[in-house]
2 protein chains.
Amino acid sequence: MSKEIPYKIYLEENEMPKQWYNVRADMKNKPAPILNPATMKPITLEELAPIFCGELAKQELDDRTPYFDIPQEIQDFYRMYRPSPLVRAYCLEKKLGTPAHIYYKFEGNNTSGSHKLNSAIAQAYYAKKQGLKGVTTETGAGQWGTALSMACSYFDLDCQVYMVKVSYEQKPFRREVMRTYGATVTPSPSMNTNIGRKINQEFPGTTGSLGCAISEAVEAATTQEGYRYVLGSVLSQVLLHQTVIGLETKTALDKYGIKADVIIGCAGGGSNLGGLISPFAGEVLRGEADYEMIAVEPASCPSLTRGIYAYDFCDTGKICPLAKMYTLGSSFIPSANHAGGLRYHGMSSIVSQLYEDGILTARSVEQTEVFKAAQMFARVEGILPAPESSHAIKVAIDEAMKCKETGEEKNIVFGLTGTGYFDMVAYQKFNDGDMADYVPTDEEIRKSLSMLPKVE
Amino acid sequence: MSKEIPYKIYLEENEMPKQWYNVRADMKNKPAPILNPATMKPITLEELAPIFCGELAKQELDDRTPYFDIPQEIQDFYRMYRPSPLVRAYCLEKKLGTPAHIYYKFEGNNTSGSHKLNSAIAQAYYAKKQGLKGVTTETGAGQWGTALSMACSYFDLDCQVYMVKVSYEQKPFRREVMRTYGATVTPSPSMNTNIGRKINQEFPGTTGSLGCAISEAVEAATTQEGYRYVLGSVLSQVLLHQTVIGLETKTALDKYGIKADVIIGCAGGGSNLGGLISPFAGEVLRGEADYEMIAVEPASCPSLTRGIYAYDFCDTGKICPLAKMYTLGSSFIPSANHAGGLRYHGMSSIVSQLYEDGILTARSVEQTEVFKAAQMFARVEGILPAPESSHAIKVAIDEAMKCKETGEEKNIVFGLTGTGYFDMVAYQKFNDGDMADYVPTDEEIRKSLSMLPKVE
């Protein structure tokens, strides 16, 4: 009946998406508007202008337009590392002895090591087009910073990265990749910004946090002529660019007549998950199809499964717009023994609203189990996965094992967001048997949630 | 006239090679036979049996059979990460403003980070088929060790890697990747072997060398029941497996009617270069076509450009078979400031003979220039290249710039063997302006050549 399915489905370059898909256009319950922290009212394009590039601000606020054209320059860059393969995990299936068919969309075959480049190049393009000198950003695990450095280098833009101090020190190689691409990398909190100096004074010796690095990057953008701030996740514009993942996945599946049953993505801020599921969620929202969609988050930073749906600050310094999202509270910091990314306190507004409306479900998993899945995957599929991506692997394996019990031949599709080459400290801990799990107590979460802002 | 050439030419899975090509079959001047160090006579299959797997020993000695079938199990594994793309370097061409068309065969999109996996999986397969318990090997920069770990894990074989001590200490992450794949990694010289103990006693505090690690691995293989030794370069069997690179390249070029003018590969032991050029060299040897083929080696380890063509030991301990090759002498060790691989004192017998016969030429390049080329390539093509691969990039750029002067639209094809994610210490040196070049003096080379064995 159907064509034989190769190990890797590659689209032809002329089958690649020419538009991004804005799932908000099909959502009856739109994500709540982001608020100006000064007025606590929905923020306007004008108010966003000092922070974001004009085109990106428009994308951020537009919840009606279903498709945005991908500018030719971005399509050209995409062709350097895309289409990414949709891989049939034949070897994993055999190893598990499952009747399920497992597919993964592999976004790690580029030097940034992850899907982050999809949005980085778009954001750098719009910044260049606006005639800016450069952009500022924060990075935690380093994938976003690397991606942005690559994108800025391509368009000859200055790139200033505030890197969470603990990562800066523990991941010198990530830092060097960014420097090779010409970026300036500053450990955060730094003495470059008011907020950095303040935090250094209040908490001497602090190793920083993502929320603090965001505040520094925003301050740096707004106090330098010709600079804007860019962000690698959470925002609706980022999810829009990342739909290139889901659109390619859908086209590849359709090409072989495959109907996905379960779609799984890891979720930190929601950039990969949102990008992967958007086209599928759109079909569900329009009543055209049905999919089981699962967000997988770390048990140590469980915003969907244990947070609440409320307006919250996006950064520690409280200078960014507020977003309504599933959140653990902006003061929540995951345990130091948590490896890898997925450590943001909140979740993209789009993903949060889809979750609230029951379009997708969520699960949290502990990291020792995640690394066990990662190791098995590496050994049979030949790719050493990023810790973040391995959260999706873990649940894909769980689902495939359920099929083994029931005999169902489900099509399981998951997002393999990146590679773990810069995460070997975490793998070493796992190899040495020194990896620990940590689940925050109810009391901890209650405490950080008690500091949520009051919004009418 | 011709089809529009995409950024990346991917073969269909059914276009992938089903046989490896043995270029020796088409060579009138065969590479000289390898010698038994005990008898100084051409080694026999029986004499090789304690060191190598039977099938691999046969491949090593067979200079008549033009094609060897690739076993189905190896073809299946190849399909997990191959075909590798042949990339049209549109962005590099634009940056250089050259009329030349530049193509590179990119072998870095797998977790071993290089082409080494092509032979590792073959060697592991034959070991498994022979019912062995495991294999031993050495690794310097770590790419080969990683590739072999992956291959052994796939076939459930024990894998013992002797890693040059200085690399073991400077590249802990490489070590962890191997451990994640279940390999045992021992810093060499170790106290596990007679030769290791001897070297440690004679040279206390030594940080090891590739030649020493080879000796240890061979001793470990021959003193354990059910083990054999495997090697990632130099040998004819390795070049045979690596012809999958050249065969895919040729098929991809033919598919679009492209005739290569210049073919460039970096050369350490010759595994990538030999694999890339074999099918093209075959055409030249059969009088069917003409190509300019260039081997690029580091100025700090210039076996082709400054060595002599003679029988030499392959290892420090002098327990391996001897090979006739371009060599700097088995006691030659490149300066400590040399970054990356390509540090072997000799060159594959096949490549050496082709060079002797004028089928290919050779150039040596200094590492600061190599890293400049690497950085430019990374910025415009989006791939952070391995230092080894960057030797080929440097000469490809030189050739493209010549075309800019002459206006020639040459087709330049080079091998991009791998990624530099585990070489950030070297990149850091370059980023900090601390990278130095080193060219051995004539005296140094004379000294190591004076210790060549006497062979009648």
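Below, all heavy atoms of this structure are taken into account, side chains as well, without hydrogens, waters or symmetry copies. Protein chains get the first letters and strands the later ones, always in sequence-line order, with residue 1 at the start of each. If you're wondering where the values come from, they're calculated on a predicted model, not measured in any experiment.
No other option in A:Pro85, A:Gly420, A:Pro6, A:Gly108 has as many heavy-atom pairs under 4.5 Å with chain B as A:Pro6.
Contact of B:Val380 with chain A is made through the backbone alone, with heavy-atom distances under 4.5 Å. Within the 4.5 angstrom heavy-atom criterion, no atom of B:Val87 approaches chain A.
Across every non-hydrogen atom of A:Cys152 and A:Ala124, the tightest pair is N-CB, 4.2 Å. Across all non-hydrogen atoms, the minimal contact from B:Met435 to B:Ala426 is CE-O, 3.5 Å. Counting all heavy atoms, side chain and backbone alike, A:Phe377 lies closest to A:Ile383 at CD2-O, 3.6 Å. Listed here is the closest heavy atom pair of B:Ala378 and B:Pro385: CB-CD, 4.1 Å. The two residues A:Ala127 and A:Leu157 make their nearest non-hydrogen contact at CB-CD1, 3.9 Å.
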Report the donor-acceptor contacts between chain A and chain B below 3.5 Å as a table, one pair per row.
{"unit_1": "A:Tyr7", "atom_1": "N", "unit_2": "B:Glu13", "atom_2": "OE1", "d": "3.2"}
{"unit_1": "A:Tyr7", "atom_1": "N", "unit_2": "B:Glu13", "atom_2": "OE2", "d": "3.0"}
{"unit_1": "A:Lys8", "atom_1": "N", "unit_2": "B:Glu13", "atom_2": "OE2", "d": "3.2"}
{"unit_1": "A:Lys8", "atom_1": "NZ", "unit_2": "B:Arg79", "atom_2": "O", "d": "2.7"}
{"unit_1": "A:Lys8", "atom_1": "NZ", "unit_2": "B:Arg82", "atom_2": "O", "d": "2.5"}
{"unit_1": "A:Tyr10", "atom_1": "OH", "unit_2": "B:Tyr10", "atom_2": "OH", "d": "3.3"}
{"unit_1": "A:Glu13", "atom_1": "OE1", "unit_2": "B:Tyr7", "atom_2": "N", "d": "3.2"}
{"unit_1": "A:Glu13", "atom_1": "OE2", "unit_2": "B:Tyr7", "atom_2": "N", "d": "3.0"}
{"unit_1": "A:Glu13", "atom_1": "OE2", "unit_2": "B:Lys8", "atom_2": "N", "d": "3.2"}
{"unit_1": "A:Arg79", "atom_1": "O", "unit_2": "B:Lys8", "atom_2": "NZ", "d": "2.7"}
{"unit_1": "A:Arg82", "atom_1": "O", "unit_2": "B:Lys8", "atom_2": "NZ", "d": "2.5"}
{"unit_1": "A:Thr111", "atom_1": "OG1", "unit_2": "B:Gly382", "atom_2": "O", "d": "3.2"}
{"unit_1": "A:Thr111", "atom_1": "OG1", "unit_2": "B:Leu384", "atom_2": "N", "d": "2.7"}
{"unit_1": "A:Thr111", "atom_1": "OG1", "unit_2": "B:Tyr421", "atom_2": "OH", "d": "3.4"}
{"unit_1": "A:Glu176", "atom_1": "O", "unit_2": "B:Asn431", "atom_2": "ND2", "d": "3.4"}
{"unit_1": "A:Glu176", "atom_1": "OE1", "unit_2": "B:Asn431", "atom_2": "ND2", "d": "2.9"}
{"unit_1": "A:Arg179", "atom_1": "NH1", "unit_2": "B:Asp432", "atom_2": "OD1", "d": "2.8"}
{"unit_1": "A:Arg179", "atom_1": "NH2", "unit_2": "B:Asp432", "atom_2": "OD1", "d": "2.8"}
{"unit_1": "A:Thr180", "atom_1": "O", "unit_2": "B:Gln375", "atom_2": "NE2", "d": "3.2"}
{"unit_1": "A:Thr180", "atom_1": "O", "unit_2": "B:Arg379", "atom_2": "NE", "d": "2.9"}
{"unit_1": "A:Thr180", "atom_1": "O", "unit_2": "B:Arg379", "atom_2": "NH2", "d": "2.9"}
{"unit_1": "A:Thr180", "atom_1": "OG1", "unit_2": "B:Asn431", "atom_2": "ND2", "d": "3.1"}
{"unit_1": "A:Tyr181", "atom_1": "OH", "unit_2": "B:Ala378", "atom_2": "O", "d": "3.0"}
{"unit_1": "A:Gln375", "atom_1": "NE2", "unit_2": "B:Thr180", "atom_2": "O", "d": "3.2"}
{"unit_1": "A:Ala378", "atom_1": "O", "unit_2": "B:Tyr181", "atom_2": "OH", "d": "3.0"}
{"unit_1": "A:Arg379", "atom_1": "NE", "unit_2": "B:Thr180", "atom_2": "O", "d": "2.9"}
{"unit_1": "A:Arg379", "atom_1": "NH2", "unit_2": "B:Thr180", "atom_2": "O", "d": "2.9"}
{"unit_1": "A:Gly382", "atom_1": "O", "unit_2": "B:Thr111", "atom_2": "OG1", "d": "3.2"}
{"unit_1": "A:Leu384", "atom_1": "N", "unit_2": "B:Thr111", "atom_2": "OG1", "d": "2.7"}
{"unit_1": "A:Tyr421", "atom_1": "OH", "unit_2": "B:Thr111", "atom_2": "OG1", "d": "3.4"}
{"unit_1": "A:Asn431", "atom_1": "ND2", "unit_2": "B:Glu176", "atom_2": "O", "d": "3.4"}
{"unit_1": "A:Asn431", "atom_1": "ND2", "unit_2": "B:Glu176", "atom_2": "OE1", "d": "2.9"}
{"unit_1": "A:Asn431", "atom_1": "ND2", "unit_2": "B:Thr180", "atom_2": "OG1", "d": "3.1"}
{"unit_1": "A:Asp432", "atom_1": "OD1", "unit_2": "B:Arg179", "atom_2": "NH1", "d": "2.8"}
{"unit_1": "A:Asp432", "atom_1": "OD1", "unit_2": "B:Arg179", "atom_2": "NH2", "d": "2.8"}

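When the ring-ring contact (aromatic ring centres under 6.0 Å, His included) test is applied to B:Phe430, the partners found at least two apart in sequence or on another chain are B:Phe371.
A:Leu384 has its side chain within reach of A:Met424: a pair of non-hydrogen atoms, C-beta onward, lies under 4.5 Å apart.
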